[in-house]
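Okay, here's the structure, questions in a sec.
By convention in this document, chain letters (A, B, ...) are assigned in the order of the sequence lines, proteins followed by strands, and residues within each chain are numbered from 1. Fair warning: this is a prediction, and the values are worked out from it, not measured in the lab.
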Amino acid sequence: MNRNRKTDQLLGVLVKGCAILAGTLLLLVILYLVHESLPLLRTTGAGRLLTDSAWRPTSGQFGLWPMIAGTLTVTAGALLLATPIGLLSALFCRCYAPRPLGKLLRRILELLAGLPSVVYGFWGLVVLVPLIARIRPPGASVLAGILVVAIMVLPTIALLVDAALESVPADYSRGAAALGMTRWGALRGVILPAASSGIFTAVLLATARALGETMAALMVCGNVVRTPESLLDPVRTLTANIALEMAYAMDLHRSSLFATGLLLALIVTGLVALAEVLSPEGIDA
Amino acid sequence: MNENIAQTNPRHGLLLALGLLSLLVASCGQSRVTSQSANRLTLTGSSTVAPLATEIARRYEDQHPGVRIDVQTGGSARGIADARSGVADIGMVSRDLKTSESDLLAFTIAGDGIALIVNRANPVTELSDEQVVAIYRGQIRNWSHVGGEDRTITVVNKAEGRSTLELFLSHFGLENSEIRADVVIGDNEQGVKTVAGLPGALGYVSIGTAETDAARGVSIRLLPMGGVEASVSSLQQGRFPLSRRLNLVSSLPPEGLAKSFIDFARSAEVADLVAGLAFVPIRP
């Protein structure tokens, strides 16, 4: 008994240490971003990041607005496409498909989720971009970005929604069937509401993945710093900005790229906070 | 039991956090050390030369245990200034020395050149400098104006800060702010893939990359510059106009470790490193 208690205490310390380590790491990353952005924020102030008319970091102009617009457009577009498809394919896998077929589809989705993003980006660059260029050059555009990112987050949404549906107790659907509800009626009235928190989390994680997508966006979006006016215009995302320029950036230019990262971290934090407020039951995966 | 867990000493976690924080502080406060001791060598200067110098330095260190070589960037101007003042043993400069800098000695370690590339399906075989400038400024927007098919030109430019962009701009007398780009790319391979996928594209990449990819059957074609064929060999013969030399500079005739390192950097032993970074080995 005594020994058990000791083990328990030890485990308590260990678990606590790990949790604090995870939290501290995030804190350290944010601190480092702030530390590296400071030279820029001190010289120009944070406001100019939003108000400068252009992004010419080597000649002292640091306007990030077109890239914020680019990131938000690509993310929103990708989610609008991927959420309904992901949700419905999860419903099919879990509730409509014969068991073996559902299982097969799930394996395929898992495979898709595991492919590295550079593979999607490469496919987009070699196949999708030339196709879109036939409609209007250059082809590397908001549309290409939305399509590639949507394909990338689709499995995330589908798998997480599928897991949420799976965790709904089987008694619920049996009860609904016993009440004589149709399959769709049971889904809409009982199962989807019971899984809503999980579905919400799925969309949230997909949003975070879309916001953070770097390689694929860099390869297919065109990377021109201009607020896009149509779906066929090229666009640069915040992540692509960092990846494109970090290798050769110095001084304030480098600092402005860290500020870009800080801004991205703030956007994600804001998103999670917003989700916490909007979600009725809080977030849990 | 649960209470027990909750009551475990909070100091453990705090200590851990403090430890991590101190690590961060230590890494931020790292100072630059320049030492003139016999086993240390400091190189400063061009950010174009720095990646190559760093790789050469790693290989040199492997072959000469105990030697430590620091490579710091800061632009060619810093390379010149530090070599003069003796702050660095060797400066890195991504151009030839000017006449005002004739007090320094330059040792070329590699050549860097860029080639204009178009899609292989594009019938245009040559562009004059004026045409290139007009296309990049957005004044010419269709290939039919320069003797090609009726097709919109997709202007492919490099991201800010890249040395290829710098060389391109200075050669054509352009400012990056005047360029009307349709696609901005990062590394050379991305440029090649972009141009290979778009029949109307015009781009520029390092000459080594372009030549290798074109020979491998990628759907791109290198355009000659000022009548000179764009190839590694014309660059090595010094005939290709859109090129520059990457130099190590020193204020005194190098001796000891510095001389040994410069000789090593110019030897055939590092030719693979030079080619790996899309530069061109210079035959002495």
Requested in this report: Against chain A, label B:Asp182 side chain, backbone, both or neither, depending on which of its atoms sit under 4.5 Å from a heavy atom there.
Outcome: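 Answer is both: backbone and side chain atoms of B:Asp182 are under 4.5 Å from chain A.
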
**Report entry** Interface residue of largest heavy-atom contact number with chain A, from B:Pro51, B:Gly197, B:Gly186, under 4.5 Å
**Finding:**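 That would be B:Gly197.
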
Report task. Report yes or no: do B:Lys193 and B:Asn188 form a side-chain donor-acceptor pair below 3.5 Å? Result ->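 Note: B:Lys193 and B:Asn188 side chains miss the donor-acceptor criterion.
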
Query raised in the report: Side chain, backbone, both or neither: which part of A:Arg226 has a non-hydrogen atom closer than 4.5 Å to chain B?
Result: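 For A:Arg226, the side chain is the part near chain B, not the backbone.
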
Query raised in the report: Should the pair A:Glu245-B:Lys158 be classified as a salt bridge under the 4.0 Å nitrogen-to-oxygen rule?
Result: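 No salt bridge links A:Glu245 with B:Lys158.
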
Query raised in the report: So, for B:Ala210 and B:Ile220, which heavy atoms are closest and what is the spacing to 0.1 Å?
Result: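 Minimum heavy-atom separation between B:Ala210 and B:Ile220: O-CD1, 3.8 Å.
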
Query raised in the report: A:Arg236 versus chain B, heavy atoms under 4.5 Å apart: side chain, backbone, both or neither?
Result: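 The side chain, not the backbone.
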
Query raised in the report: When you look at CZ of B:Arg120, are more than 12 heavy atoms from neighbouring residues, nucleotides or ligands closer to it than 6.0 Å?
Result: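 Counting neighbours around CZ of B:Arg120, more than 12 heavy atoms of other residues, nucleotides or ligands fall under 6.0 Å, so yes.
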
Report task. Kindly write out the residues that satisfy ring-ring contact (aromatic ring centres under 6.0 Å, His included) with A:Phe122, not counting sequence neighbours, or none if the list is empty. Result ->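 In terms of ring-ring contact (aromatic ring centres under 6.0 Å, His included), with neighbours along the sequence ignored, A:Phe122 is linked to no residue.
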
Requested in this report: Pick whichever of A:Ala140, A:Pro57, A:Ala133 has the most heavy-atom pairs under 4.5 Å with chain B.
Outcome: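 That would be A:Pro57.
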
Query raised in the report: Top residue by heavy-atom pair count (under 4.5 Å) with chain A, among B:Val155, B:Thr194, B:Val183?
Result: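 Highest number of heavy-atom pairs under 4.5 Å: B:Val183.
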
Report task. Using non-hydrogen atoms and a 4.5 Å limit, figure out which bit of A:Leu125 sits close to chain B: side chain, backbone, both or neither. Result ->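 Side chain only.
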
Report task. Under 4.5 Å heavy-atom distance to chain A, tell me which part of B:Ile185 shows up: side chain, backbone, both or neither. Result ->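 Just its backbone gets close to chain A.
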
Query - Salt bridge B:Asp213-B:Arg216, side-chain N to carboxylate O under 4.0 Å - result: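 A salt bridge is present here (some side-chain N lies under 4.0 Å from a carboxylate O).
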
**Report entry** Under 4.5 Å from any heavy atom of chain B - which part of A:Leu218
**Finding:**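 Both backbone and side chain.
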
Query raised in the report: Are any non-hydrogen side-chain atoms of A:Leu41 and A:Phe258 less than 4.5 angstrom apart?
Result: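 Answer no - side chains too far apart.
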
**Report entry** Interchain contact, A:Ala243 with chain B, by part (heavy-atom threshold 4.5 Å)
**Finding:**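 A:Ala243 touches chain B through backbone heavy atoms alone.
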
